[in-house]
Novice: 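First, the structure itself, so that you have it in front of you.
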Amino acid sequence: MTVEIPATMRAAVYHPGSLNPVTEHHFPVPQPGHGQVLLKIAACGACHSDVLLLTEALIDDRTYILGHEISGYPVKFGDGVVGIEEGQLYVVHVIVPCAKSINGLPPIEESDGIGRDGGYAEYIVVDQRQLVPAPQGLAPEVAALAGDSLITAFNAVHNVAGLRPGTKKRVLIYGVGGLGHQALQIAKSYGATVFAVDYKKAARELAVELGAERALSLSEITSETTAGTFTVDIVIDFVVNEQSFSLAKAATRGNAQDFSAPASKIVLVGVSADSLPLNSAEMIEFNTQVLPTCYGSIDDLRSSLQLLADGVVKPVVHTAPLEKVDEAINALRASAVLGRRVIVPGLRE
């Protein structure tokens, strides 16, 4: 089947110094080269990483299309592409194969939507090796989450925190947002006793609906950790600022009362420019491991898609058209999104 592909498209473009991406209506549609595929974008999740980029917490003088949580359908193939099927929904593993550091930036800053043209657009060119087929029946706006928020949550819970089915660990999810509400469901499905903390009442209510034993406010967790009445084995922090890190340390200190107990873990997932209060003495004496995590492997993407297909993770998704990308990003800035906001280029206002 021949699909008519326009010469230009709508795209939300990052320009250094701009508070929001600039919507362009005549951005050139890219052409696939050797081993590459042109996708018609079906959905792209809005992420706090976009907010971080737009605040220039990372210095980047490049101009490119934002958006890095992408699902879409192949519409054109470069030479050498094999095994990619038209009509099949794919999710993009946004780490470009063989990405390297440029101008002192880490390799992840050379990814689709972070340094390279991403998914807040109608089309994108990707390497065929980045594509993983979505299981039949998954809606594009749900499948897209496996490409960033869910793969990151899965990596944090499964690989870095090291949880497995049958665990008896007590786990605190700090921040019940786009990633945190999915991580909560994974940890719960493994058998963990899961707690949550969020300053927003609606997020705490969602956490309880999804199976959290308790959902604490900031004042509650502060008073209970100060009194020594609340302790967990693992904190997975989806906020990562000075306050969250201090409370994570307080929530894990109770485990140090038994010298033979396994080390507590604080898993850092949220991205911020905050300096964290940390010294080696307290980490050693309270037997606490601080473990950063970033994204996940292409096998983690496959596992994430299976979690969605099996109904283990049921994300809360709100869709918006491409023209509303500024509103989506501003809502993230204001912490006004419950669940995940997903941009769907095919939607019209």
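Since the structure is predicted, the reported quantities are computational estimates derived from the model, not experimental observations. Along the sequence shown, residues are numbered consecutively beginning with 1.
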Novice: Would you list the pairs meeting salt bridge (charged side-chain N to carboxylate O under 4.0 Å, His left out) in which at least one residue belongs to residues 140-169, sequence neighbours left out?
Specialist: D148-R340

Novice: Please list all pairs passing the salt bridge (charged side-chain N to carboxylate O under 4.0 Å, His left out) test where one or both residues lie in residues 219-237, with sequence neighbours left out.
Specialist: R214-E224

Novice: Looking only at side chains, do S297 and D300 share a donor and an acceptor under 3.5 Å apart?
Specialist: yes

Novice: For the residue pair N155 / T293, report whether a side-chain donor-acceptor contact shorter than 3.5 Å exists.
Specialist: yes

Novice: Check E323 with R10, please: is the shortest side-chain N to carboxylate O separation under 4.0 Å?
Specialist: yes

Novice: So if I apply the side-chain contact (heavy atoms from CB on, under 4.5 Å) rule between T288 and each of K265, M283, K249, which one comes out positive?
Specialist: M283

Novice: Side-chain donor-acceptor pair under 3.5 Å between S149 and E69, yes or no?
Specialist: yes

Novice: Look at the aromatic rings of F195 and F230 and report parallel, tilted or perpendicular, splitting at 30° and 60°.
Specialist: perpendicular

Novice: In plain terms, say whether R116 and E110 are close enough for a salt bridge, that is, a side-chain N and a carboxylate O under 4.0 Å apart.
Specialist: yes

Novice: Testing the 3.5 Å rule here: is there a donor-acceptor pair between the side chains of H15 and E24?
Specialist: yes

Novice: Determine, for R253 against E282, whether the closest basic-nitrogen to carboxylate-oxygen distance falls under 4.0 angstrom.
Specialist: yes

Novice: Taking atom CG of N241 and atom CD of Q243, what is their separation to the nearest 0.5 Å?
Specialist: 6.0 Å

